[in-house]
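Accompanying notes for the structure given below.
Scope of the values below: all heavy atoms of this structure, side chains included, with no hydrogens, waters or symmetry mates.
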Amino acid sequence: MVAGKNGRIVLVTCGSIVEARRIASAVVRRKLAACANIVLGPVESIYRWKGKVERAREVLMVVKTSAKRLVELEREVKRLHSYDVAEFVVVGIDAGSRDYLDWLGESVEE
């Protein structure tokens with residue numbers, strides 16, 4: 001196990017599996033992400049929107065990328081996303097398998 005340094009995990013919720021697949025395919029093709037996992041079971045989200053508490057079934061994507069690709073990744077997710085305010089939450093990778101983290105970095109090199 002080695003330090004994650006530049007690896008990042010990005011959480012993105014989508015309104016449908018079709019939308020999640022479209023965004024995931026686009027960001028991996030453009031090398032903005034090494035991998036995007038789509039959680040097939042819907043997640044139930046409870047949130048505040050325009051002063052009201054709302055509830056929705058959404059599809060969660062777990063996207064793996066590097067710190068230097070975050071700005072472009074966020075721009076592309078926003079461009080492709082149907083929501084007015086798309087979830088884009090970044091979590092640092094503290095540590096992980098050297099092989100996996102090397103692959104992640106190589107997969108998003110420009």
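Pairs passing the ring-ring contact (aromatic ring centres under 6.0 Å, His included) check and including a residue from residues 59-82, sequence neighbours excluded, read His81-Tyr83.
In this structure, the side-chain hydrogen bond (donor to acceptor under 3.5 Å, both in side chains) partners of Asn37, at least two apart in sequence or on a different chain, are Lys64. With sequence neighbours excluded, the residues that form a salt bridge (charged side-chain N to carboxylate O under 4.0 Å, His left out) with Glu76 are Arg30, Arg79. By the salt bridge (charged side-chain N to carboxylate O under 4.0 Å, His left out) test, Lys78 is found to be paired with Glu74, residues two or more places apart in sequence or in another chain being considered. Residues satisfying the side chain to side chain contact (heavy atoms under 4.5 Å, CB included) criterion with Ser82, sequence neighbours excluded, are Glu19. In terms of the salt bridge (charged side-chain N to carboxylate O under 4.0 Å, His left out) criterion, residue partners of Arg55 (sequence neighbours excluded) are, by chain and number, Glu44. With sequence neighbours excluded, the residues satisfying side chain to side chain contact (heavy atoms under 4.5 Å, CB included) with Val18 are Ser16. Tyr100 pairs by the ring pair (Phe, Tyr, Trp, His ring centres under 6.0 Å) definition with Trp103, not counting sequence neighbours. Arg21 is linked by a side chain to side chain contact (heavy atoms under 4.5 Å, CB included) to Ile17, Ile38, Leu40, counting only residues two or more places apart in sequence or in another chain. Residues forming a side-chain hydrogen bond (donor to acceptor under 3.5 Å, both in side chains) with Ser66 (at least two apart in sequence, or on another chain): none. For Val90, the side chain to side chain contact (heavy atoms under 4.5 Å, CB included) partners at least two apart in sequence or on another chain are Arg8, Val10, Leu70, Phe88. For Glu106, there are no salt bridge (charged side-chain N to carboxylate O under 4.0 Å, His left out) partners at least two apart in sequence or on another chain.
At a threshold of 4.5 Å between side-chain heavy atoms, the hydrophobic network of Ile, Leu, Val, Met, Phe, Trp and Tyr places Leu11 and Tyr47 in two separate groups. Linking Ile, Leu, Val, Met, Phe, Trp and Tyr whenever their side-chain heavy atoms come within less than 4.5 Å leaves Val85 and Val77 in two separate clusters. Both Val59 and Val63 belong to a single network of hydrophobic side chains, linked directly or stepwise wherever heavy atoms of I, L, V, M, F, W or Y lie under 4.5 Å apart.
A salt bridge does not link Arg75 with Glu72: none of the charged nitrogens is closer than 4.0 Å to a carboxylate oxygen.
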